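A quick write-up on the structure given underneath.
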Number of protein chains: 2
Amino acid sequence: MTMSNTGGRRRPPTIHDVAREAGVSRGTVSRVLNGGHYVSPAAQEAVNAAIRKTGYVVNRHARSLITGRSDSVGFLLTEPQERFFEDPNFNVLLRGCTQALAAHDIPLLLMLAGTRDERRRITRYITAGHVDGVLLVSSHSGDPVAEELRAAGVPLVACGKPIGLGSKVSYVAADDRDGARDMVRHLLSLGRRRVGVVTGPLDTPGGVERLAGYREVLDEAGVGFDERLVVSGDYSRASGEAGAERLLTQAPDVDAVFVASDLMAQGVLAALQRAGRRVPEDVAVGGFDDSPAAVAASPELTTIRQPWDRISAEMVRVLLAQIGGEDPAAVILPTELVRRKST
Amino acid sequence: MTMSNTGGRRRPPTIHDVAREAGVSRGTVSRVLNGGHYVSPAAQEAVNAAIRKTGYVVNRHARSLITGRSDSVGFLLTEPQERFFEDPNFNVLLRGCTQALAAHDIPLLLMLAGTRDERRRITRYITAGHVDGVLLVSSHSGDPVAEELRAAGVPLVACGKPIGLGSKVSYVAADDRDGARDMVRHLLSLGRRRVGVVTGPLDTPGGVERLAGYREVLDEAGVGFDERLVVSGDYSRASGEAGAERLLTQAPDVDAVFVASDLMAQGVLAALQRAGRRVPEDVAVGGFDDSPAAVAASPELTTIRQPWDRISAEMVRVLLAQIGGEDPAAVILPTELVRRKST
DNA sequence: TTCTCTACTGTGAACGCTCACAGAAGCATG
DNA sequence: CATGCTTCTGTGAGCGTTCACAGTAGAGAA
């Protein structure tokens, strides 16, 4: 029983305790802690032994106070909160970022900027230097928080190409256009010629790019573009359902649909089913994301995989580089067609 | 242009700057910052004006260094990570906790303890005092991290009744048994008599309680208990699908199913559909959670709402109370039957 | 007047760490 | 022998707060 456990916590050992235990000075312990340059092997060893023995863990507040760094980063969501809950992609991204940061021993602070007040509070918190950088999820345009952070010089990496922030903001994104091309080519290769599309929100680069890829392939295949085959959605399940209904009205002969998100594709499947169309026999359906929703759908969705694990890893890499003084960077990652039952 | 914006960030104002600006001492500013007791109205006013003028934000690291508090809490997930992504409840809980904490200006640190290494690192981080308390999501038994934290005297609030941690750990949970009772009563009230159940994992209190509620109502209604009507799952969609298949084999005359989670209920619906049973005409299906999955299902699920917003709010309240020195507490919250299309 | 009490204010010390600097020791070079 | 260089080590200062304490001013009571 080394620990009296009556509610209060014992005062943890300090760098001083370690120094005394190892028979060296605070400075030497600090040097060992920070890379071990200019430390003799003997001292190195003694300090490490003392750290193990005392169970020392550095006090990050004391360190931050003098270094000016916080050694933590924020994960900021300025989207309308609903999307967060409905879209499984956020989970995957959040998890990936948390783990990638954990590998660097950097905690992730979750920040949800929903209301005006929350936005103000969070902006203050960040610009006050309480985090070293921010991972940003905000695909819609005109985001005042992001703009303010950028102006304040806070290292920032967005997920997906941000709008209206100039070229000074780093971002990591999947190759939306190329992914869309792959999917539409796949649908054409099945012999379908009346290929519809349910787009994402067209005020986001992702939405625009996926639509552009669709058009490109139709052009290159010599299949005419028919605007009755195009309806727009907002990535939500409900908008997919509504979109499919509109599509069936405008172009009843549709024999394939490229849907710009898996969640919308779920809605499309439901609407088609209700209309008595069989998938994939009557209408082939292709999604986008390869989110958990793709496997949960029935039939399971053929979709375009966004490499979320790589996206999150790259976001963290770019952010840390930027915190380290490097210039902003843009990273585009390749997508992959995943064939399942819906095509 | 008050801010030179060439990459570096300007040194933020300190309490000293505010004191000089307001013509008072650091101590007075500090008192205003911490509640304003024993401060004259005039000084109060002057300090607030100076804070607004300078844009001062307290340096939390300096504060933490001396107070010993970190004014932050961890949100710790020790579940197998997959559940996190599949189960929409986690999102709602995470969001609720983040927002409830934000109201107290307390940041939430997301901690995912998947691997052994991660567990060790996180345990060290927490016991070193880098967070004041922990919100714990870990319904399965034998969680070494939780036990270690409890032993170290870290304020801890679990979501759902934890197993094997003695009574010293606070928790907040929905009234699982009562919810199950409501649902089964509802199914009986529809005239169904062959009511099956797909349970949750039976090494968790939630799973056990929901099954107990089911049995209680059958007993009280004089409907005999038939073990062929009972299959067990693990809250995952896939296990619901498998469970329903087993149920149809063991008891083909089943006319209602109480499923212990919405996600499993999705799987049950899929399996029933495949087997040619109509819902709700042939088989009524009741879920549990009222997660987004309930509305996404087709037909939309009748389910038992867990009051996630209240659960998260209570978790935060209890945790902060405990950090403030109060004793651990258990909170049980009522559930609510939500009728939709599946019954 | 003198004392006590309350309301308020300022000051130095401390929290635990890193950083800059000074210096010691060892070795090669002039 | 002095000089310089490299490698290593210890020391004092200071990061921006809070806290304990000392002190002041004014009001009321003796």
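Below, all heavy atoms of this structure are taken into account, side chains as well, without hydrogens, waters or symmetry copies. This one's a predicted model, so the numbers in the text were calculated from it and none came from an experiment. Quick note on labels: first sequence line is chain A, next is B, and so on, each numbered from 1.
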Where the side chain of B:Thr28 is concerned, which of D:dT17, C:dT18, C:dT9 is the nearest nucleotide?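 Nearest listed nucleotide: C:dT9.
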Can you tell me which nucleotide in D:dT9, C:dC8, C:dG10 comes closest to the side chain of B:Tyr38?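 Within the option list, the nearest is C:dC8.
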Are B:Leu112 and A:Arg95 side-chain neighbours, meaning at least one heavy-atom pair lies under 4.5 Å?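 Yes, side chains in contact.
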Separation of atom [atom1] in [X] from atom [atom2] in [N], rounded to whole Å:
X	N	atom1	atom2	answer
A:His16	C:dA14	NE2	C1'	14 Å
A:Asp71	C:dC17	CG	C1'	12 Å
A:His37	C:dT18	NE2	C1'	15 Å
B:Arg31	C:dT9	CZ	P	7 Å
A:Arg20	D:dT9	CZ	P	19 Å
A:His61	C:dG16	NE2	P	12 Å
B:Arg60	D:dC15	CZ	C1'	18 Å
B:Leu33	D:dG16	CG	P	15 Å

Locate the shortest heavy-atom distance separating [X] from [Y]; write the atom from each residue and the value.
X	Y	answer
B:Tyr171	B:Val157	CA-CG1, 4.3 Å
B:Ala174	B:Pro307	CB-CD, 4.2 Å
A:Arg52	A:Glu45	NH2-OE2, 3.9 Å
A:Thr28	A:Ala43	CG2-CB, 4.1 Å

Less than 4.0 angstrom between a side-chain N/O of [X] and OP1 or OP2 of [N], yes or no?
X	N	result
B:Ser30	D:dT18	yes
B:Ser40	C:dT9	yes
A:Ser64	C:dC17	no
B:Thr14	D:dG16	no
B:Tyr56	D:dT17	yes
A:Asn59	C:dC15	no

Look at the side chain of B:Arg26 against the base of C:dG12 and say whether a donor-acceptor pair falls under 3.5 Å; ignore hydrogens and angles.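 Indeed there is one.
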Which sits closer to the 5' end of DNA chain C, A:Ile66 or B:Ser25, going by the nucleotide each is nearest to?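 Closest to the 5' end, via its nearest nucleotide, is B:Ser25.
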5′-ward residue of the pair B:Gly27/B:Ala62 relative to DNA chain D: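 Counting from the 5' end, the first nearest nucleotide belongs to B:Ala62.
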